[in-house]
Structure formats: structure tokens, C-alpha cells
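First the structure, in the form of C-alpha cells, and then the observations on it.
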Amino acid sequence: MPKNLEVKKANIELFHKTAQCFEEKNTELFNVYEQHSLIRRLRKANRTCKKHQIYCDLGCGTGNFVEKQIREFQEVIGLDISRSMITICKAKGLGKMACFVVADAENLPFRENIFDMVTMHAALHHIPSPLNCFKEIYRVLPKDGIMYIDHEPNSK
């Protein structure tokens with residue numbers, strides 16, 4: 001099995017095991033201060049977005065960004081390689097307001113130039129080939145589309 005596939009399989013297994021307690025275990029992502037900071041940064045990115053029609057969060061996990069963007073866009077899509085994470089999103093009721101896709105961020109199942117904004121938070125380090133992921137993001141974004149990529153906060 002090629003190394004990239006091994007990494008992806010390991011990620012799927014990891015998130016299958018941790019999906020139920022993901023938010024509890026990753027307090028650095030879900031504390032009040034970080035959530036307010038994320039909202040401020042997302043609002044700034046949203047202001048630069050010309051259209052607010054279609055949005056996608058790559059590596060959506062338990063739906064943190066999806067939840068924040070539901071009121072901002074006509075259509076919201078959360079994508080994750082882990083079916084277990086998508087199951088958590090739906091269990092939280094987000095499936096009524098957003099669409100969820102189990103897929104690989106290096107091989108996005110969307111047509112070119114479809115999204116007005118693509119985000120990825122605390123997920124890029126799980127991607128075996130970030131360059132392939134960026135190529136895919138650029139493929140699905142029009143020239144005036146917004147790409148917002150962020151990482152988890154430093155715990156210090």
C-alpha cells in the first residue's frame with residue numbers, strides 16, 4: 001500500500017476511535033476564547049467574500065466551522081475523510097441545514113469553480129500531500145473565491 005494511502009487509512013481509524021469524544025479531548029480548539037477568535041477571523045474572511053452562495057469546510061470534523069457558516073451562505077458543505085466525524089455532525093442536527101460528504105481533501109468530488117469560500121481548520125497537518133490538497137482547493141474556487149486555512153492555537 002502506498003504511504004499516502006496508509007496515512008489516510010490511519011487518519012480514518014484515528015477519527016473513528018475519537019469521534020465521540022473529539023470536542024472533549026481537544027479543548028484547545030473548543031475553549032470560549034478560541035471560539036470567539038475563530039468567529040472574528042471568519043467574519044473578516046466572510047466580509048471579503050463577494051458572494052455567499054456555496055461554502056465548503058474541508059476536514060470538517062464535528063462541524064465547528066460548518067455551524068458558524070450556516071447563516072452566512074445559501075449552501076454549506078462539510079467534507080471529512082472520516083464517516084464517524086460526519087455521523088457526529090448529523091447527530092448534532094447539522095444535517096438539516098448543511099450537506100455532508102465523506103471524501104478525501106486531495107481528491108475533491110466537486111466540479112471546478114463551484115465554491116465561493118473553502119475553509120480548513122486544524123486539518124492540514126493530517127493531509128499526506130498538502131500540495132495536492134491546495135491544487136484541489138484552487139480547482140474548486142473561482143479566481144475571486146476565498147480560501148481560509150487556519151491551525152489550532154498554541155496552548156501557551
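Just so it is clear, the model here is predicted, and its values are computed rather than measured. Counting begins at 1 with the first residue of the sequence.
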For K17, is there an ion pair with E13 - N to carboxylate O distance below 4.0 angstrom? yes

Would a 4.5 Å heavy-atom cut-off, applied to side chains only, mark M120 and C133 as touching? yes

Any salt bridge linking E136 with R139? Criterion: basic side-chain nitrogen under 4.0 Å from a carboxylate oxygen. yes

When the ring planes of Y148 and F65 are compared, do they come out parallel, tilted or perpendicular, using 30° and 60° as the limits? tilted

Would R83 and T87 count as having a side-chain donor-acceptor pair, cut-off 3.5 Å? no

Might you confirm whether atom OH of Y138 has over 12 heavy atoms from other residues, nucleotides or ligands at distances under 6.0 Å? no

Atom of N4, atom of P128 and distance for their closest heavy-atom approach: OD1-CB, 3.3 Å

What distance do E34 atom CD and I39 atom CD1 have between them, rounded to the nearest 0.5 Å? 10.5 Å

Should the heavy atoms of other residues, nucleotides or ligands under 6.0 Å from CZ of R41 be counted, would the total exceed 12? yes

With heavy-atom distances below 4.5 Å as the criterion, would you say the side chains of I149 and L58 are in contact? no

Under the side-chain hydrogen bond (donor to acceptor under 3.5 Å, both in side chains) definition, can you give me all pairs with a residue in residues 46-56, not counting sequence neighbours? N46-Q69, Y55-T119

Donor on one side chain, acceptor on other, K68 and N64, under 3.5 Å: yes

